[in-house]
Amino acid sequence: MKNLLAPTFHPFQVIKNDAARSEAELADIIAEPGFGKHFTDHMVDICWSERGGWHRPRVQPYGPISLDPSAAVLHYGQEIFEGLKAYRHADGSIWSFRPEANAARLQRSAVRMALPELPTEYFIESLKQLISVDGRWVPSAPETSLYLRPFMFAKEAFLGVRPANKVNYYLIASPAGPYFSGGIAPLSIWLSTTYARAGKGGTGAAKTGGNYASSLVAQQEAYDHGCAQVLFLDSEEGKYLEELGGMNIVLVKKDGTLVTPQSDSILEGITRDSILQLAEDRGHKVERRRVTIDEWREGAANGDIVEAFACGTAAVVTPIGLIKAEGFEIGSADAVAGELTLSLREELTDIQYGRREDTHGWMTRLDA
Ligand code: PLP
Ligand code: COI
């Protein structure tokens, strides 16, 4: 059996927040959580240094982080993060979905960004520790959850350009409703032909802040065109689908085949991987390959491509109704949500909320 505790695993110190929100304040927040607006009473903080490795894990009151103005992250952006959710089941228990996959992706991102790898056991323990003090923040209304945001950055005060010798890992949490204000109404998406998100040999496959910073101007372009997200193409030929600013993309053909872009420069989404597995379990064919925007245009026009959806932790599974681009459109703003899209969404959320058997062993209990 796998050793559950890494050799470097230290016990967590817990410092309680004396100013924790009252039950009444919490009830008001949870009644209308929005997304990423409110934060729980505590956070996790673990230090790393080249000489000491991972040390001094603690749960402490949520609050500002003190940084030296020369801290490397502020200059060179050496930072990575993750996103996953804690779900409350009908019996009150609290669960997360494939947290070991997020831990593994954080490790891959760390390697790419020359940051230290946090052992999986430490990562999962950080989730459990935060839930042990802030479990009351996990909402129970349908489609709500506690969004968990682990992140890590270079704290060393030093202006030379090299990997930092002092790094901290943090975990914060935020009660969440739907990411998009329209819920699961089909999205309009802007296709950017001006900007690329990532390039060959770049950091596209890592979950690092710079990828999001570079997407913001394109995301603004999307808003300006009345769209909720931006779709990026590959940076070399500008014709292969990559992903959206904050989620992956999947197309559905009329024979039930699911097609999703394969590329070294997109983030390997855990939601996408899970949805494709569920589709395969049902007997659908899944193609992970390069796919051009022209293939989508032609397929949508001749009836070969019948659905498209965005997927990610925040977005869950959200249908795509319209792609708007300079000079052409695919689909329409008043398209109805695809049938397979909705049924895969339902199956996934049923597993996450404990309404359906977890045959893949994807769920990890956080409150016990
Ligand atoms: N792609 C990007 C750029 C993202 O930010 C996300 C969200 O985390 C995803 C894809 C989907 O990943 P996951 O399903 O693991 O949340
Ligand atoms: C997530 O889905 O967890 C993300 O990080 C994407 C972001 C749009 C919130």
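Counting convention: from 1, in listed order, for ligands and their atoms alike. Quick caveat: nothing in here was measured; it's all calculated off a predicted structure.
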Can you tell me which residue and heavy atom of the protein come closest to [atom], and the distance to 0.1 Å?
atom: atom 8 (C) of ligand 2; result: Tyr179 OH, 3.3 Å
atom: atom 5 (O) of ligand 2; result: Lys207 NZ, 2.8 Å
atom: atom 2 (O) of ligand 2; result: Ala314 N, 2.8 Å

Quick test of your reading of the model: are [X] and [Y] salt-bridged, counting only N-O distances below 4.0 Å?
X: Asp45; Y: Arg56; answer: yes
X: Glu347; Y: Arg282; answer: yes
X: Arg21; Y: Asp28; answer: no
X: Arg290; Y: Glu295; answer: no

> Can you list the atoms of ligand 2 that are under 4.0 Å from a heavy atom of Arg149?
Replying inline: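 Atoms satisfying the 4.0 Å criterion: 5 (O).
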>> Only heavy atoms of Gly83, strictly under 4.0 Å: list the atoms of ligand 2 that pass.
In response: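 With Gly83 as reference, the close atoms of ligand 2 come out as 3 (O).
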[X]: side-chain contact (heavy atoms from CB on, under 4.5 Å) partners, not counting sequence neighbours:
X: Asp255; value: Lys253, Thr257
X: Glu117; value: Gln107, Ala110, Val111
X: Ala337; value: Pro186, Pro319, Leu342

> Under 3.5 Å, is there a donor-acceptor pair between the Ser263 and Tyr240 side chains?
Replying inline: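 Tyr240 and Ser263 do not have a side-chain donor-acceptor pair below 3.5 Å.
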> If you measure from each heavy atom of Tyr147 to ligand 2, is any distance below 4.0 Å?
Replying inline: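 Contact present.
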> Based purely on interatomic distance, does Gly246 place a nitrogen or oxygen under 3.5 Å from a nitrogen or oxygen of ligand 2?
Replying inline: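 There is no such contact.
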Note every protein N or O atom lying under 3.5 Å from an N or O atom of ligand 1, pairing the names and giving the distance.
unit_1: ligand 1; atom_1: 1 (N); unit_2: Glu243; atom_2: OE1; d: 2.5
unit_1: ligand 1; atom_1: 5 (O); unit_2: Lys207; atom_2: NZ; d: 3.1
unit_1: ligand 1; atom_1: 5 (O); unit_2: Tyr212; atom_2: OH; d: 2.5
unit_1: ligand 1; atom_1: 8 (O); unit_2: Lys207; atom_2: NZ; d: 2.7
unit_1: ligand 1; atom_1: 14 (O); unit_2: Ile270; atom_2: N; d: 3.2
unit_1: ligand 1; atom_1: 14 (O); unit_2: Thr271; atom_2: N; d: 2.9
unit_1: ligand 1; atom_1: 14 (O); unit_2: Thr271; atom_2: OG1; d: 2.6
unit_1: ligand 1; atom_1: 15 (O); unit_2: Arg105; atom_2: NH1; d: 2.7
unit_1: ligand 1; atom_1: 15 (O); unit_2: Arg105; atom_2: NH2; d: 3.1
unit_1: ligand 1; atom_1: 15 (O); unit_2: Ile270; atom_2: N; d: 2.8
unit_1: ligand 1; atom_1: 16 (O); unit_2: Thr313; atom_2: N; d: 2.8
unit_1: ligand 1; atom_1: 16 (O); unit_2: Thr313; atom_2: OG1; d: 2.6

> When the ring planes of His225 and Trp190 are compared, do they come out parallel, tilted or perpendicular, using 30° and 60° as the limits?
Replying inline: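 Ring orientation, 0 to 90° scale: parallel.
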